[in-house]
Amino acid sequence: MGIPARVVEVHPMARRTEKGFMTHKVNHGGGGFGRRQWQTMKRTRWPFLCIVLLSMLASASAQPLRISVYAAVGEVNKYMLTPEGREKAAAIFNGFKVHKIFLEGRRGDQYVPPAVLREIRDDFRKRGFLVSGGIMYSAGKIWAVKTSAGGAWLNFQAEKTQHDIAQYFTENAAVFDELLVDDRFGTDDTSPESDRARGNRSWSEYRRDLLATVIEPLMLKSARAVNPSVRLIIKYPQWYDWFHMMGYDPPRMSGLSDQTWVGTETRNPLTERSGYVQPTEGYINYRWFSSIAGKKVAGAWFDHGDCTAQNYVDQAYQSVLAGSPELTVWSIETMMEGSHPGDPLFKAALPELFELAEKVRGRSIGGISYYKPAGSDGAGNLYLMDYLAMIGLPIVPEASYPAASRIAILGAQAASDPEVLSHMKQHLSRGATLVLTPAFLHRLGKAATEMANVHVLGQTRLGTADGVEIKGQRVSLTTPLEMDLGLEAAAGEVLISASSGDNRVPLLTSHKVGTGRILVLNVRTFSWGDGKGTWLLAPQQLGLPEIPQVLADELRRELLAPLGIQLSSPTKVSFYRWGDASVFYNFRDEPVELMLNQKPVTLGPHRVLWR
């Protein structure tokens with residue numbers, strides 16, 4: 001495929017001159033005096049601007065929390081083309097303590113010319129804001145090539161896609177010192193062109209190789225040819241258990257980029273529109289990325305989409321509780337129009353969010369490790385971490401085996417590690433507690449089931465429990481609990497059993513292994529293709545967040561024991577350990593009464609508590 005002819009696009013700010021289109025300040029005075037005056041201004045202006053920018057950067061880095069906004073192309077064109085529009089925007093942004101603005105220059109066929117971006121950039125800089133650029137990889141009619149599945153995802157194998165990406169970075173690196181790639185840097189393409197290129201690799205392997213290898217030649221090389229100091233940020237979506245299927249490779253990609261932004265946009269957990277995503281998923285996603293990219297993870301990103309006012313603000317709290325030093329809000333339209341009830345609630349919460357960020361800063365995260373290697377398949381346990389966090393377990397995602405943890409959960413994702421059995425034996429020999437799921441046991445087979453002293457059938461028997469038995473007392477479940485009905489264990493090692501009609505099935509088992517212990521927690525979430533077609537995110541509601549407090553307390557009694565913590569609480573109250581502090585967030589619309597280490601605690605609706 002040859003490189004297509006360049007498409008000329010005319011922007012609303014461009015006007016016709018005798019020599020063509022003028023999109024910026026073309027005429028600075030034709031005579032010698034005018035030109036000398038302009039050159040003098042340039043010599044004095046840029047050192048001054050550099051001093052201002054350095055001062056702004058130093059001030060921002062000293063803050064425990066920074067707020068930034070991302071203006072999509074349509075919003076740049078709607079709100080920022082005139083000085084009056086920018087003045088209004090600046091006043092609104094100041095009300096939200098915004099320190100940085102990302103200006104999107106390309107989204108499919110929507111486009112803002114570099115000269116226009118430069119004028120907007122300079123104006124906002126004078127008003128005291130840092131300004132960076134951005135792009136959303138979205139196929140248009142004339143920009144890039146869409147995938148064989150249709151929609152807006154890109155076919156990154158196509159020569160035109162590669163040409164258009166390189167052109168964006170060449171043009172925009174001349175304007176900005178920092179460029180952010182929004183979260184459609186993935187692909188589902190299965191075209192003949194891509195099929196030939198993948199050879200004998202799986203689609204997941206091919207896509208990860210492809211996307212990791214386009215960063216250097218198309219993005220970095222193109223940008224640094226015109227601006228050697230330009231920085232690249234890659235923003236990732238929140239659907240972490242699908243990344244490898246769509247080509248995201250966090251270890252390789254974060255190694256090539258300068259910084260990582262993490263999607264914490266969980267939205268409404270009660271609607272199908274964006275998946276029945278648990279509100280803890282943003283925290284989980286951020287912490288998992290932090291275990292991969294470390295200090296390169298520098299921002300959390302969320303939006304208003306499918307959010308109630310409270311959903312929107314919950315996202316902000318989860319981002320700060322995850323340790324993010326910066327919150328980026330996408331997009332600016334609701335701020336400009338005053339059209340979403342979450343914005344005033346977010347503004348009112350800013351003082352507490354800044355205070356919370358100050359408490360988190362400099363502390364280490366602790367709790368129950370959940371091992372999820374990068375590129376791992378979570379079938380049967382997709383997004384299980386989110387649900388465990390919703391029943392009040394302080395989950396800490398880890399991309400490397402958590403050998404130093406006192407307790408670790410090994411779901412289906414951990415089975416992707418070929419050395420996991422060896423890790424388990426060494427860990428148990430040091431007195432650790434390991435929590436296994438049936439999905440993990442199915443993938444590991446006999447060696448793991450014998451170690452845990454349980455048995456699983458050859459195939460998972462999907463089912464739900466309608467009740468549980470705790471210390472001889474039956475407790476009914478108003479919402480069925482998803483589990484594997486094929487799990488079997490010796491009666492003496494069953495701590496909690498479940499009933500499914502006339503069947504009794506272990507829900508939690510315990511088995512001593514030397515100085516360590518193995519628990520088997522019989523819970524299930526999703527596999528690929530479950531549900532009614534919701535893609536990438538949770539396709540249906542589950543029973544785990546709805547379990548009664550007596551069951552949640554009993555599960556926590558066993559799983560928190562290695563940490564020396566006792567907690568009695570209803571579900572939908574999340575628990576975090578930052579250093580020696582215990583932190584709680586109540587997702588409920590009513591206050592709750594907790595018992596932390598036998599001390600009563602009251603927590604208001606949608607409130608945070610630091611102890």
Side-chain angles (χ1 to χ4, degrees), residues 68 70 72 102 104 107 132-138 152-154 156 165 178-188 204 207-215 219-220 231-267 274-275 277-303 305 315-316 318-319 322-331 372-376 378 382-383 385-386 397-399 413 535-538:
S68 54
Y70 186 93
F102 290 96
E104 188 176 76
R107 176 177 293 246
S132 298
I135 181 173
M136 160 68 92
Y137 286 155
S138 182
W153 296 84
L154 301 189
F156 287 91
I165 289 173
E178 185 174 77
L179 296 170
L180 181 147
V181 179
D182 197 357
D183 65 2
R184 203 172 279 160
F185 191 14
T187 183
D188 58 351
S204 173
R207 291 167 181 164
R208 282 180 281 162
D209 289 342
L210 172 66
L211 298 188
T213 54
V214 303
I215 294 174
M219 297 157 66
L220 293 176
R231 298 182 301 279
L232 174 66
I233 300 172
I234 297 178
K235 185 265 173 179
Y236 296 82
Q238 82 275 35
W239 30 271
Y240 58 84
D241 262 334
W242 264 89
F243 283 165
H244 60 295
M245 304 292 284
M246 298 294 289
Y248 279 104
D249 191 329
R252 280 198 281 180
M253 287 179 163
S254 63
L256 291 166
S257 62
D258 295 280
Q259 287 187 317
T260 294
W261 249 242
V262 180
T264 56
E265 60 272 60
T266 51
R267 308 187 177 105
S274 298
V277 176
Q278 298 305 294
T280 48
E281 187 169 290
Y283 162 85
I284 294 295
N285 194 32
Y286 193 96
R287 291 313 314 169
W288 184 65
F289 261 103
S290 296
S291 76
I292 294 171
K295 292 183 179 180
K296 281 191 174 184
V297 180
W301 170 302
F302 54 90
D303 58 41
Q315 296 174 132
Q318 292 306 294
S319 302
S324 180
E326 183 160 337
L327 305 181
T328 300
V329 175
W330 184 97
S331 59
K372 174 185 163 52
S376 56
L382 294 175
Y383 305 117
M385 287 187 279
D386 311 347
E398 300 280 2
Q413 298 88 343
W535 194 47
L536 300 177
L537 297 164

Inset, instruction - List in chain and number order the residues that pass salt bridge (Lys or Arg N to Asp or Glu O under 4.0 Å) with Arg267, two or more places apart in sequence or in another chain; answer none if no residue qualifies. - result: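 Scan of Arg267 (salt bridge (Lys or Arg N to Asp or Glu O under 4.0 Å), adjacent residues dropped) gives Asp303.
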
Inset, instruction - Under the salt bridge (Lys or Arg N to Asp or Glu O under 4.0 Å) rule, collect the residues that match up with Glu398, sequence neighbours excluded. - result: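 Here no residue qualifies.
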
Shortest non-hydrogen separation from [X] to [Y] and the atoms involved:
X	Y	answer
Gly282	Thr266	N-CG2, 3.3 Å
Ser274	Leu537	O-CD1, 3.0 Å
Pro397	Ser291	O-CB, 3.9 Å
Pro325	Tyr286	CD-OH, 3.4 Å
Gln413	Pro373	O-CD, 3.4 Å
Ser254	Pro250	OG-O, 2.6 Å

Side chain to side chain, [X] and [Y], heavy atoms closer than 4.5 Å:
X	Y	result
Leu211	Asp249	no
Tyr137	Thr187	no
Thr328	Leu180	no
Leu179	Ile135	no
Trp330	Asp183	no
Gln238	Val262	no
Arg107	Asp182	yes
Gln278	Ile284	no

Inset, instruction - For the pair Gln259 and Arg231, evaluate side chain to side chain contact (heavy atoms under 4.5 Å, CB included) and give the outcome as yes or no after the intermediate values. - result: CA-CA 8 Å; Gln259 287 187 317; Arg231 298 182 301 279; 5.5 Å; no

Can you sort out the partners of [X] under side chain to side chain donor-acceptor pair (under 3.5 Å), two or more places apart, ordered by chain and number?
X	answer
Ser331	Glu75
Arg184	Ser138
Ser290	none
Ser376	Lys372

Inset, instruction - May I ask you to say whether Lys235 pairs ionically with Glu265, meaning some side-chain N is under 4.0 Å from a carboxylate O? - result: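 Here Lys235 pairs with Glu265 in a salt bridge, since their nearest N and O are under 4.0 Å apart.
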
Strictly distance-based, threshold 3.5 Å: is any side-chain N or O of [X] a donor or acceptor partner for the main-chain N or O of [Y]?
X	Y	value
Ser324	Ser319	no
Arg207	Gly186	no
Asp386	Thr280	no
Arg287	Ala322	yes

Inset, instruction - Kindly indicate, with the supporting measurements, whether the criterion side chain to side chain contact (heavy atoms under 4.5 Å, CB included) is fulfilled by Phe302 and Gln318. - result: CA-CA 10 Å; Phe302 54 90; Gln318 292 306 294; over 6 Å; no

Legend entry - Chi angles and distances behind the side chain to side chain contact (heavy atoms under 4.5 Å, CB included) call for Thr264, Asn285: CA-CA 7 Å; Thr264 56; Asn285 194 32; 5.7 Å; no

Legend entry - Phe185: which of Phe156, Tyr236, Trp153 passes ring-ring contact (aromatic ring centres under 6.0 Å, His included):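 With Phe185 as partner, Phe156, Tyr236, Trp153 yield a single ring-ring contact (aromatic ring centres under 6.0 Å, His included), made by Phe156.
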
Legend entry - Passing option when Phe289 is tested against Tyr240, Trp261, Phe243, Tyr248 for ring-ring contact (aromatic ring centres under 6.0 Å, His included):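 By the ring-ring contact (aromatic ring centres under 6.0 Å, His included) criterion, Phe289 pairs with just one of Tyr240, Trp261, Phe243, Tyr248: Phe243.
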
